[in-house]
Undergrad: 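Sharing a structure here in structure tokens format.
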Amino acid sequence: MAIGSLLGVLHATGLWHGVGYWSALWTHVLLAALLAPLLVWHIVSRPGRLKAADLDCTGGWWSRQSWDAVPLAELMGSVDAPTLEVTSVTGYSRLFPARDVVNLYLAIGYSGKPLRRGHGAPVRLVAPGRRGFWWVKWVTRIDPVDRPWWLQLPFPLE
């Protein structure tokens, strides 16, 4: 790649036009043809493509926990907006349909033990049936909002 770039620079600056009938362009094409099999080998020899389970913060791992949690519906009461926005101290947030408030919980521990910092202490959202990136850690705010819950990326890019 560096040789091809060097030849391109030399040709573009007029310092090299090739040798006889062998132009700088043909040298570039020859180098590309020689490197193409290496590129194909590199792509084929790599591990498989990402799966949907690779896109969440759990990497597809899961466990059953007995959460020490309060149903969000008990804390929120009736919600007059179509969407709830749950925000982390880090600024990360997820939108949920307000109708799902009955299936969301705020946890402060699991199996009788307090949450550890790495698991979202002091408060994290528990969203049964949803992938890990929906389970917002370090919750600081839960706000009713007027925008549609589905108007967000299906998984975080952060």
Undergrad: Quick one: do V89 and Y92 end up in the same hydrophobic cluster if we chain Ile, Leu, Val, Met, Phe, Trp and Tyr together by side-chain heavy atoms under 4.5 Å apart?
TA: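 Looking at the clustering, Y92 is in a separate group from V89.
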
Undergrad: Find the distance between CZ (R117) and CH2 (W138) and round it off to the nearest 0.5 Å.
TA: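 It is 6.5 Å, given to the nearest 0.5 Å.
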
Undergrad: Shared ILVMFWY cluster between L125 and L75, side chains joined below 4.5 angstrom?
TA: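 As far as the 4.5 Å side-chain criterion goes, L75 and L125 are connected within one cluster.
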
Undergrad: Answer yes or no: is there a donor N or O on one side and an acceptor on the other, between the side chain of R124 and the main chain of H119, under 3.5 Å?
TA: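 Yes; at least one donor-acceptor contact below 3.5 Å.
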
Undergrad: Could you go through the side chain to side chain contact (heavy atoms under 4.5 Å, CB included) check for I142 and L106 one step at a time?
TA: CA-CA 10 Å; I142 301 173; L106 287 179; 3.8 Å; yes

Undergrad: Restricting to non-hydrogen atoms, name the atom on A107 and the atom on V126 that form the minimum distance, rounded to 0.1 Å.
TA: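 Looking at all heavy atoms of both residues, the closest pair is CB-CG2, 3.6 Å.
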
Undergrad: How many angstroms lie between atom CG of L153 and atom CZ of R94, to the nearest 0.5 angstrom?
TA: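 Taking CG in L153 and CZ in R94, the distance rounds to 7.5 Å.
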
Undergrad: Of all residues at least two apart in sequence or in a different chain, which pass the ring-ring contact (aromatic ring centres under 6.0 Å, His included) check with Y105?
TA: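 None.
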
Undergrad: Going by salt bridge (Lys or Arg N to Asp or Glu O under 4.0 Å), name the residues that satisfy it together with D100, two or more places apart in sequence or in a different chain.
TA: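 Per chain and number, D100 pairs via salt bridge (Lys or Arg N to Asp or Glu O under 4.0 Å) with R130.
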
Undergrad: Has Q152 got a side-chain atom pairing as donor or acceptor with L95's backbone, closer than 3.5 angstrom?
TA: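 Yes: the side chain of Q152 pairs with the backbone of L95.
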
Undergrad: Hydrophobic clustering (ILVMFWY, side-chain heavy atoms < 4.5 Å, transitive) - are W41 and L34 grouped together?
TA: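 No, separate clusters.
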
Undergrad: Please report the closest heavy-atom contact between A81 and D146, naming both atoms and the distance.
TA: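 Nearest heavy atoms, A81 then D146: CB-OD1, 4.0 Å.
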
Undergrad: Could you pull out all residues at least two apart from R99 that satisfy salt bridge (Lys or Arg N to Asp or Glu O under 4.0 Å)?
TA: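 If we apply the salt bridge (Lys or Arg N to Asp or Glu O under 4.0 Å) test to R99, skipping adjacent residues, there are no hits.
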
Undergrad: Of all heavy-atom pairs between V145 and P82, which one has the smallest distance, and what is that distance?
TA: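 Heavy atoms of V145 and P82 come nearest at O-CD, 3.4 Å.
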
Undergrad: In Å, rounded to the nearest 0.5 Å, how long is the span from OG1 of T83 to CZ of F96?
TA: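 The distance works out to 11.0 Å.
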
Undergrad: Following the transitive rule for hydrophobic clusters with a side-chain heavy-atom cut-off under 4.5 Å over Ile, Leu, Val, Met, Phe, Trp and Tyr, establish whether M76 and W134 coincide in one cluster.
TA: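 Both belong to a single hydrophobic cluster.
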
Undergrad: Is the backbone N or O of T140 less than 3.5 Å from a side-chain atom of T87, with the two atoms forming a donor-acceptor pair by type?
TA: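 Checking the backbone N and O of T140 against the side chain of T87, no donor-acceptor pair under 3.5 Å is found.
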
Undergrad: Are the side chain of K137 and the backbone N or O of S88 linked by a donor-acceptor pair below 3.5 Å?
TA: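 Judged by distance alone, no pair lies under 3.5 Å.
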
Undergrad: Given 3.5 Å as the limit, does a donor-acceptor pair link the side chain of W135 with the main chain of P128, or not?
TA: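 Answer holds: no.
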
Undergrad: State, with a plain yes or no, whether a side-chain heavy atom of V86 is found less than 4.5 Å away from one of L104.
TA: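 Result no, sub-4.5 Å side-chain heavy-atom pair not found.
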
